[in-house]
Amino acid sequence: MPNLLVINADGPETRVALVENSQVVEIYIERRRERGIVGNIYKGKVLRVLPGMQAAFVDIGTDKAAFLYVADVRGAPEDIKSLFVDEDDEARDRRNAEIDEKSKEARIEDLLRPGQEVIVQIAKAPIGTKGSRSTSYISLPGRNLVFMPTVDHVGISRRIGSDKERKRLRSIVDSMRPPGTGFIVRTVAESVSDAELRADMEFLIKLWNSIVKKSETAKAPALLYNDLDLLLRTVRDLFTSEVEKLIIDSRPEYERLLKFTGAFMPEYVSKIEYYDKSEPVFDAYGIEMELDRAVERKVYLKSGGSLVIDQGEALTAIDVNTGRFVGKRNLEETITKTNLEACKEVADQLRLRNIGGIIIIDFIDMDRESNQDKVMRAFAESVRPDRAKTNVTKISELGLVEMTRKRTRESLGRMLTEPCFYCDGKGYLKSKTTVAYEV
């Protein structure tokens, strides 16, 4: 099966599945009543400054105040016009440089005060009982580029391997970007024409200037910019040359996709297909079954081994078991084979379930150091395709691997499930014997 984007959009929620080599690797869900706020830009008002936490709470008009950490505070410009992107405005550059210099060693109480108005962007959605995390370092994603109006930096996607192509892209961006601003060149920009890149840059610069203009008259808290909905974000971020077909089951959304794609990436229009069969599209492509599997605690490996995934508030533990797999030659070989198979499955499950934060993987103990190295190399290779930033430590003497995975939204399990009303999420009840003795 070719790489596909399968979209179910004919109900009260939009569901997107990315299929690579016949395997569902990522699932995104957005409910119309609960549309996410990540990427949105707000003019907020500082509610509280907490020197002990070096953070502040900012009212952005949502139920919970946004959290703003000191490292995410660019400065405290009194004149919002200093944020305009204007290539000839030397005063703006000097002012921004002064702000950056002052904020390097500054404390939160020096940068913010209660009642102050600030422009922030939501970097992480509310997760569990925590509010959203915000930043004053704004980034506006386009098809080929990400514009950073407050950061003087040019970055090229590490997935663009050709040095010649990287130099070409950097040269184009450097020749056009206004002083003091920055761009990140996305993977899809590889081999894109100069004209397309320049058009993308111009559009993003105009968009930022319109946001700043709106902020001058808006009364905090106010929404200044609403990021694209899941459907259009899917096209912008996931619809690459590696995807051979996009299939969608809603006629109105199909028409909207055609218009959007025709305007920004016309060469992809022919890849969009409307699904009008009676069988639900997620059933037809085996995705519904994968969704059910993605909330199970136990995941079986092909060899007969298994993973047990326990997701807590701040940490996820994954236990690797041999199960009924007994191997053919010796115990060390059996254990190593199970661990190697688990490497790929663990990486796939983290990506599919969108599990973030601190993750502990309890591989089965191996005696030989060469086998431990083999498993670690296999695991590092398995997490490489993941778009989320990961950091993996070495395997410990106990066979434990600690890792982190960047978390920007709720995991699939937390989105699709809720704690059991009977046991209140504990996952166990008092035994019959205990209850009988208590009575």
Side-chain angles (χ1 to χ4, degrees), residues 2-3 5 18 20 25-26 39 83-90 92-93 96-97 100 121 135 137-211 225 227-228 232-246 260-272 380-381 383-390 406:
N3 289 358
L5 272 170
L18 175 60
E20 293 179 355
V25 294
E26 291 177 19
L83 292 175
F84 267 110
V85 173
D86 183 349
E87 197 163 352
D88 301 320
D89 192 353
E90 294 180 9
R92 176 191 62 80
D93 296 331
N96 287 346
D100 287 339
Q121 184 172 35
T135 177
Y137 291 91
I138 309 297
S139 60
L140 292 172
R143 170 64 179 170
N144 301 299
L145 305 164
V146 177
F147 180 41
M148 303 177 294
T150 62
V151 180
D152 188 358
H153 172 73
V154 174
I156 312 288
S157 168
R158 64 178 183 271
R159 297 192 184 195
I160 299 175
S162 165
D163 287 339
K164 185 179 179 182
E165 179 64 3
R166 293 173 73 88
K167 285 178 183 176
R168 181 186 78 91
L169 293 167
R170 187 179 294 278
S171 174
I172 295 167
V173 172
D174 273 332
S175 68
M176 268 199 71
R177 69 182 177 114
T181 68
F183 283 91
I184 294 173
V185 181
R186 307 181 77 168
T187 308
V188 291
E190 189 170 9
S191 303
V192 165
S193 70
D194 295 20
E196 285 181 79
L197 285 176
R198 290 176 189 278
D200 218 10
M201 291 177 78
E202 287 172 4
F203 169 77
L204 292 171
I205 290 169
K206 286 177 184 175
L207 175 61
W208 171 241
N209 282 338
S210 70
I211 291 168
Y225 167 76
D227 197 14
L228 300 177
L232 300 186
R233 284 203 314 274
T234 295
V235 174
R236 182 189 70 193
D237 300 337
L238 301 177
F239 201 10
T240 65
S241 58
E242 294 174 357
V243 175
E244 296 184 34
K245 197 182 290 185
L246 184 153
F260 182 83
T261 309
F264 293 101
M265 35 201 288
E267 69 276 17
Y268 286 83
V269 170
S270 61
K271 293 184 175 185
I272 301 175
E381 191 63 33
V383 297
R384 199 186 301 278
D386 198 339
R387 263 185 286 272
K389 187 178 179 182
T390 57
K406 189 173 181 182

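Heavy-atom basis, side chains included; hydrogens, waters and symmetry copies ignored. Computed from a prediction, not measured in an experiment: that's the story for all the values here.
For S191, the side chain to side chain donor-acceptor pair (under 3.5 Å) criterion is met by no residue, not counting sequence neighbours. For Y225, there are no ring-ring contact (aromatic ring centres under 6.0 Å, His included) partners two or more places apart in sequence or in a different chain. Checked against salt bridge (charged side-chain N to carboxylate O under 4.0 Å, His left out), E202 has no partners two or more places apart in sequence or in another chain. For S241, the side chain to side chain contact (heavy atoms under 4.5 Å, CB included) criterion is met by Y268, not counting sequence neighbours. Scored by the salt bridge (charged side-chain N to carboxylate O under 4.0 Å, His left out) test, D174 finds R177 as partners (sequence neighbours excluded). For V243, the side chain to side chain contact (heavy atoms under 4.5 Å, CB included) criterion is met by L5, L18, F239, T240, not counting sequence neighbours. Under the side chain to side chain donor-acceptor pair (under 3.5 Å) criterion, R168 pairs with E165, D194, not counting sequence neighbours. With sequence neighbours excluded, the residues forming a side chain to side chain donor-acceptor pair (under 3.5 Å) with E381 are R384, listed by chain and number. Not a single side chain to side chain donor-acceptor pair (under 3.5 Å) links S171 to another residue, sequence neighbours left out. Residues satisfying the salt bridge (charged side-chain N to carboxylate O under 4.0 Å, His left out) criterion with E190, sequence neighbours excluded, are absent altogether. Qualifying side chain to side chain contact (heavy atoms under 4.5 Å, CB included) partners for V146, counting only residues two or more places apart in sequence or in other chains: S139, P141, I184, R186. Take R143 and apply the salt bridge (charged side-chain N to carboxylate O under 4.0 Å, His left out) test, not counting sequence neighbours, and it matches no residue.
Side-chain contact check for L246 versus V235: some heavy-atom pair is nearer than 4.5 Å. Counting only heavy atoms from C-beta outward, the side chains of R387 and T187 never approach each other to under 4.5 Å. Between L145 and L197 the shortest side-chain heavy-atom distance falls below 4.5 Å.
Formation of a donor-acceptor pair under 3.5 Å by the R159 side chain with backbone atoms of P385 is found in this model. Side chain of R166 to backbone of S157: a donor-acceptor contact under 3.5 angstrom is found.
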